[in-house]
Amino acid sequence: MEKFTTHTGVGVPLRRSNVDTDQIIPAVYLKRVTRTGFEDALFAAWRGDPDFVLNQDAYRSGSVLVAGPDFGTGSSREHAVWALKDYGFRAVLSARFADIFRGNSGKQGLLAAQLAQEDIELIWKVLESAPGTEVTVDLESRTVTCGDVVAPFQVDDYTRWRLMEGLDDIGLTLGHEEDIAEFERSRPSYKPTTLPAKHLPTVEVRAARPIALPIQPVSR
Amino acid sequence: MGKTLAEKVWAEHVVRRGDDGAPDLLYIDLHLVHEVTSPQAFEGLRLAGRKVRRPDLTIATEDHNTPTLDIDLPIADVTSRTQIETLRRNAAEFGVRIHSLGDADQGIVHQVGPQLGLTQPGMTVVCGDSHTSTHGAFGALAFGIGTSEVEHVLATQTLPLAPFKTMAINVEGQLPPGTTSKDIILAIIAKIGTGGGQGYVLEYRGEAIRALSMEARMTICNMSIEAGARAGMIAPDETTFAYLKGRPHAPEGADWDAAVEHWRTLRTDDDAVFDAEVTLRASDLEPFVTWGTNPGQGLPISASVPVPEEIADENERVAAERAIEYMGLVPGTPLKEIPVDTVFIGSCTNGRIEDLRSVAKVFQGRRKADNVRVLVVPASARVRLQAEAEGLDRIFLEFGAEWRNAGCSMCLGMNPDQLAPGERAASTSNRNFEGRQGKGGRTHLVSPLVAAATAIRGTLSSVADLAADDPSFADLDVAELDGSPLVPLDPRVPMQV
Ligand code: SF4
């Protein structure tokens with residue numbers, strides 16, 4: 001995971017509250033087998049609307065999403081975070097996040113920064129009156145700067161530390177590799193392994209075929 | 001103070017205690033993988049340049065998307081084919097053992113682990129599938145995980161986990177004839193609700209549980225998740241050891257002795273305290289069916305569709321109204337008068353050999369009701385082979401049922417086995433959510449015996465009802481409808497699943 005100390009990028013005002021994960025990425029995109037390339041799926045239902053904020057040139061290259069309260073509610077799909085990241089977002093600012101979304105963001109290195117709604121409103125005004133204005137999100141000092149607006153934000157200490165160190169959950173666990181290896185040495189020998197594979201005798205499995213059900217009289 | 005079974009298994013797997021409030025790091029003994037929830041996890045490894053830490057504790061099988069017909073032909077559905085091919089490629093690239101379509105060990109992931117003897121008491125077992133709780137029947141701590149966690153386990157063989165609470169579910173007394181472990185778990189869920197187990201690991205205990213076979217125990221643990229629980233467990237005993245002995249991956253020789261000695265310690269201490277406790281009398285049970293759209297909306301089969309106006313709780317009333325409308329039912333209708341279009345016998349809940357045997361005992365020498373389509377889908381290719389060795393397939397076909405290849409099939413309808421809109425099914429699977437078995441499809445969850453009786457009468461029925469309208473059933477001994485073999489095994493097929 002990339003380290004995150006401070007990020008500066010074009011702010012995108014998303015004046016909507018309760019943006020749920022179905023709106024962030026509709027269910028049809030969940031059938032994909034890849035982890036990347038979800039940028040086209042982000043806000044898919046709204047992207048056809050020429051007035052939608054991401055369809056306006058000034059915001060197109062945005063990387064800081066400034067959203068209304070209750071962002072990321074609904075299904076727990078991690079795809080919502082992947083889609084935001086693939087599009088190029090590094091941070092989402094909102095007055096309130098759904099817990100699971102916040103958790104998933106932390107795992108994937110997307111900063112979910114919680115601001116007071118008044119500050120969100122001030123930032124929206126700046127971004128809307130001067131589209132293309134950049135927003136600086138400083139994780140070190142936990143402040144957001146946009147034009148004249150300087151606002152504090154909240155993020156829990158653990159997530160902040162992980163983002164600043166660039167540690168995802170896996171990286172963090174691998175930091176304890178010695179402990180894991182040590183544990184493995186003490187596992188009893190009777191614990192099973194899948195390899196080398198052991199089987200019952202291999203038997204040919206015949207394919208079932210569609211059947212026209214034979215209607216035969218059966219003795220009852 | 002003593003420890004519960006779940007706490008013991010947890011304690012044996014702590015790699016690292018989390019300091020102040022941080023989660024414990026738990027070692028995972030067995031990681032089961034299937035095609036639907038693994039592709040992004042493997043891709044994540046690839047993007048980060050990581051390897052699978054323990055391919056030898058990982059096993060993959062194809063189940064959710066696999067067709068149950070024509071398995072030797074290319075898979076017609078493009079999404080399904082892509083997911084399956086992706087799994088095959090990932091397994092090859094990362095060195096993970098895989099059982100593909102056509103392989104005798106292919107099947108639903110929760111059948112494959114136990115039948116190979118890979119699921120053993122006291123293990124931690126995970127899979128990107130909520131019904132991983134099935135493996136708890138062996139006294140393993142087994143739970144479903146999300147895709148990020150799948151990646152975490154692949155890369156580290158561990159998971160950071162916050163502790164859980166424990167709940168004892170005591171099932172006292174003996175089950176009446178014609179009732180099964182499916183009826184026990186449906187009754188439990190109806191009692192504690194679909195959220196009643198939230199945050200808990202359930203431990204099923206009591207005389208009725210001890211009397212169950214391993215397969216029947218798996219049915220109960222399988223549906224723990226339907227009560228909202230993290231996992232379900234049953235302490236291992238002689239039944240467990242007998243099931244495991246001689247399976248391909250069961251310990252042998254001195255290892256077996258050491259293992260059994262340890263497994264015997266895996267029981268809740270007498271002075272241990274559960275965070276919650278629920279008791280159920282097995283002797284009061286009768287076959288259970290669901291009438292609504294969540295597994296908690298179930299009733300004894302002699303009851304009637306609820307009348308919403310009579311439900312005091314506002315939320316429950318609204319939920320019932322909605323469910324009854326979706327299910328196309330009339331309040332007050334006796335459940336036994338509800339006609340079904342399809343009977344589905346299969347899934348990781350009830351697609352095992354014992355389930356098929358008990359169904360075959362009811363079917364033998366009879367024919368299905370004219371308007372009903374009957375689908376019998378074994379949980380794994382081994383179960384299918386075993387059933388064929390016992391001649392069960394002939395009974396099913398003569399009955400007028402379709403006999404299919406192994407997989408999840410109509411449990412979730414990711415393959416072509418789906419309900420049409422408005423079609424009504426009696427299903428031995430575990431979820432009756434709206435559209436679960438096909439868009440607009442209506443599902444009644446039932447035991448294999450109820451499914452079998454329903455296939456004959458055409459309306460939701462228990463086996464006891466069969467004799468009532470057809471004297472030829474009088475000699476059907478309900479008490480003998482257990483999962484024991486129907487006919488002697490063919491000695492040329494040295495197989496036990
Ligand atoms: S049979 Fe159904 S519940 Fe079981 S793993 Fe397959 S889809 Fe899930």
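Chain A is the first sequence line, chain B the second, and so forth, proteins listed ahead of strands; every chain is numbered from 1. No experiment lies behind these values; they were computed from the predicted model shown.
When the candidates P251(B), P160(B), A259(B) are compared by the number of heavy-atom contacts under 4.5 Å with chain A, A259(B) comes out ahead. For the set T86(B), D70(B), L159(B), the count of heavy-atom pairs under 4.5 angstrom toward chain A peaks at D70(B). The candidate with the highest count of non-hydrogen atom pairs below 4.5 Å against chain A, out of I71(B), L57(B), L73(B), is L57(B). Ranked by heavy-atom pairs under 4.5 Å with chain B, the list R206(A), K191(A), E184(A) is led by E184(A). Listed options Q83(B), E388(B), R54(B) were ranked by heavy-atom pairs under 4.5 angstrom with chain A; first place goes to R54(B). Across M123(B), R50(B), H262(B), the residue that shares the most heavy-atom pairs under 4.5 angstrom with chain A is R50(B). Contact tally against chain B (heavy-atom pairs below 4.5 Å) for L172(A), L174(A), T202(A): the top residue is L174(A).
Using a 4.5 Å heavy-atom threshold, the side chains of R53(B) and I180(A) count as touching. Side-chain contact between L25(B) and D179(A) is absent, with no heavy atoms from C-beta onward closer than 4.5 Å. Side-chain contact between Q120(B) and P192(A) is present, with at least one heavy-atom pair separated by less than 4.5 Å.
Proximity to chain A is absent for every atom of D370(B), based on heavy atoms less than 4.5 angstrom apart. Contact annotation for L30(B): only side-chain heavy atoms (C-beta onward) come within less than 4.5 Å of a heavy atom of chain A. Proximity to chain A (any heavy atom under 4.5 Å) is shown, for S38(B), by neither the backbone nor the side chain. For R46(B), no part sits under 4.5 Å from any heavy atom of chain A, backbone or side chain. If you measure heavy-atom distances from V14(B) to chain A, the contacts under 4.5 Å come from the backbone alone. Proximity to chain A (any heavy atom under 4.5 Å) is shown, for P67(B), by neither the backbone nor the side chain. Contacts between S186(A) and chain B at a heavy-atom distance below 4.5 Å are absent for every atom of the residue. Only the side chain of T158(B) comes within contact range of chain A, judged by heavy atoms closer than 4.5 Å. Contact annotation for A48(B): neither backbone nor side-chain heavy atoms come within less than 4.5 Å of a heavy atom of chain A. Using a 4.5 Å cut-off between heavy atoms, H99(B) touches chain A through its side chain atoms alone. Of the atoms belonging to L116(B), it is side-chain heavy atoms, and not backbone ones, that fall under 4.5 Å from chain A. With a threshold of 4.5 angstrom between heavy atoms, D105(B) approaches chain A through side-chain atoms but not through N, CA, C or O.
From N65(B), atom CG reaches atom NZ of K31(A) across 8.5 Å, with rounding to the nearest 0.5 Å. Here the NE2 atom belonging to H152(B) is positioned 8.5 Å from the CG atom belonging to D168(A), to the nearest 0.5 angstrom. Within the model, atoms CZ of R247(B) and NZ of K198(A) stand 14.0 Å from one another, a figure rounded to the nearest 0.5 Å.
Shortest non-hydrogen contact noted between V205(A) and A381(B) is CG2-CB, 4.0 Å. Between A155(B) and I170(A) the shortest heavy-atom distance is CB-CG2, 3.6 Å. Minimum heavy-atom separation, R35(A) to L47(B): CG-CD1, 4.0 Å.
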* Intermediate values then yes/no, salt bridge (Lys or Arg N to Asp or Glu O under 4.0 Å), R187(A) and D56(B) -> CA-CA 14 Å; R187(A) 291 177 80 231; D56(B) 62 336; over 6 Å; no
* Report the C-alpha distance between V33(A) and L87(B) in whole Å, list the side-chain angles of each, state the deciding distance to 0.1 Å, and finish with yes or no for side-chain contact (heavy atoms from CB on, under 4.5 Å). => CA-CA 9 Å; V33(A) 294; L87(B) 178 64; over 6 Å; no
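Taking the six-membered ring for Trp and thresholds of 30 and 60 degrees, F183(A) and H13(B) have ring planes inclined between 30 and 60 degrees apart.
Side-chain atoms of R382(B) come within 3.5 Å of backbone atoms of L200(A) as a donor-acceptor pair (strictly under, hydrogens ignored). When atom types are taken as modelled, the side chain of H199(A) and the backbone of P248(B) share no donor-acceptor pair closer than 3.5 angstrom. Proximity of a side-chain donor or acceptor of E182(A) to a complementary backbone N or O of V15(B) within less than 3.5 Å is not detected. Counting only distance, with no hydrogens or angles, the side chain of N405(B) and the backbone of A208(A) share a donor-acceptor pair below 3.5 Å. Side-chain atoms of R97(B) come within 3.5 Å of backbone atoms of T194(A) as a donor-acceptor pair (strictly under, hydrogens ignored).
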Please list every donor-acceptor pair under 3.5 Å in which a side-chain atom of residues 104-113 of chain A meets a protein atom from a residue at least two apart or in another chain.
| from | atom 1 | to | atom 2 | distance (Å) |
| --- | --- | --- | --- | --- |
| N104(A) | ND2 | S76(A) | O | 3.0 |
| S105(A) | OG | F101(A) | O | 2.8 |
| Q108(A) | NE2 | S148(B) | OG | 3.4 |

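Using a 4.0 Å cut-off between charged side-chain N and carboxylate O, D72(B) and R209(A) make a salt bridge.
Annotation: E252(B), atom CD; neighbour count of heavy atoms from other residues, nucleotides and ligands within 6.0 Å does not exceed 12.
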